[in-house]
Amino acid sequence: MLRVIIINGPNLNLLGRREPEIYGEDSFEDFMIYLKGKFVDSDVELTYFQSNHEGELLDKLHEVGFDYDGIVLNAGAYTHTSIAIADAISGIETPVIEVHISNVHKRETFRHHSYVSPVAEGVIVGFGLRGYELAVEYFL
Ligand code: DQA
């Protein structure tokens, strides 16, 4: 059984309510119900973690990063600022797929740079919540 965790960073707890024209109208909790249903017959166990705190995201990466088979990470705005998250990804063994709901390259220039991309196995941007699904499919 493959173990895959989805880790969401700051403000992503507000999905469905936060700028719906950019991030859509679905809450992540509802999306997780859909996702678990979609992969119910697949050989994958899906876990979800969200935090608004950089240190908690680091702790979670360290906790799962030597045991899990895949990490799907949307670090939110920390993507553009956090060398600590990049270092954590370099320091663990589990491969990380970077996901962004919106197409960050179509938005403000400060969203064009990612500290996560150079240490990620791959990057999926701009496909809405579908991006998480594609990342899980990749690990499968
Ligand atoms: C985001 C893009 C980031 O620039 C932003 O800070 C977010 C969400 C996305 O999923 O599109 O919080 O990671």
Side-chain angles (χ1 to χ4, degrees):
M1 175 72 81
L2 222 59
R3 284 203 289 172
V4 173
I5 184 165
I6 296 173
I7 301 180
N8 272 343
N11 300 308
L12 291 162
N13 54 310
L14 293 180
L15 278 178
R17 289 186 287 160
R18 167 198 189 197
E19 301 178 273
E21 66 289 356
I22 298 176
Y23 298 113
E25 289 179 0
D26 298 326
S27 73
F28 207 81
E29 287 66 26
D30 285 348
F31 176 70
M32 273 310 287
I33 292 169
Y34 158 78
L35 204 63
K36 285 192 170 168
K38 157 130 192 180
F39 291 109
V40 74
D41 293 325
S42 306
D43 201 27
V44 62
E45 183 190 285
L46 287 175
T47 320
Y48 172 54
F49 177 79
Q50 189 276 332
S51 176
N52 293 319
H53 305 276
E54 190 173 14
E56 283 182 10
L57 295 167
L58 297 177
D59 289 344
K60 186 52 81 175
L61 288 166
H62 298 170
E63 183 192 318
V64 300
F66 295 90
D67 294 329
Y68 277 55
D69 302 291
I71 298 171
V72 182
L73 174 67
N74 183 348
Y78 288 143
T79 304
H80 318 300
T81 63
S82 179
I83 298 168
I85 288 179
D87 281 352
I89 296 168
S90 298
I92 60 177
E93 286 169 1
T94 305
V96 171
I97 303 288
E98 175 183 2
V99 168
H100 298 286
I101 297 165
S102 63
N103 180 354
V104 283
H105 299 291
K106 217 158 73 167
R107 301 180 62 195
E108 304 95 320
T109 47
F110 64 82
R111 296 186 203 278
H112 297 179
H113 178 262
S114 165
Y115 282 104
V116 174
S117 298
V119 289
E121 176 123 343
V123 183
I124 300 172
V125 304
F127 292 102
L129 294 177
R130 191 79 220 287
Y132 294 92
E133 201 174 321
L134 295 169
V136 174
E137 268 164 22
Y138 166 78
F139 284 125
L140 274 169

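In listed order, ligands and their atoms are each counted from 1. Nothing fancy with the numbering, it's 1 onward along the sequence. These numbers come from a predicted model, not from an experiment.
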For H80, counting its heavy atoms only, list the atoms of ligand 1 lying under 4.0 Å from any of them.
-> 3 (C), 4 (O)
Counting from 1, what ligand 1 atoms have a heavy atom of Y23 closer than 4.0 Å?
-> 5 (C), 7 (C), 8 (C), 9 (C), 11 (O)
Where's the contact between [X] and ligand 1, heavy-atom distance under 4.0 Å: side chain, backbone, both or neither?
X: H100; answer: both
X: V125; answer: neither
X: I101; answer: both

Relative to each other, are the rings of F31 and Y34 parallel, tilted or perpendicular (30° and 60° limits)?
-> tilted
Anything under 30° is parallel, anything over 60° is perpendicular, the rest tilted; go ahead and classify H112 against H105.
-> tilted
Among protein heavy atoms, which sits nearest to atom 11 (O) of ligand 1, and what does the distance come to when rounded to 0.1 Å?
-> S102 OG, 2.6 Å
Minimum heavy-atom distance between L35 and E133, given as atom pair plus value | CD1-CG, 3.8 Å
Of the choices E108, R18, R107, which has the non-hydrogen atom that lies closest to atom 12 (O) of ligand 1?
-> R18
How about N11 and Y23: does a side-chain donor come under 3.5 Å of a side-chain acceptor?
-> no
Say whether T79 and E98, considering side chains only, have a donor N or O and an acceptor N or O under 3.5 Å apart.
-> no
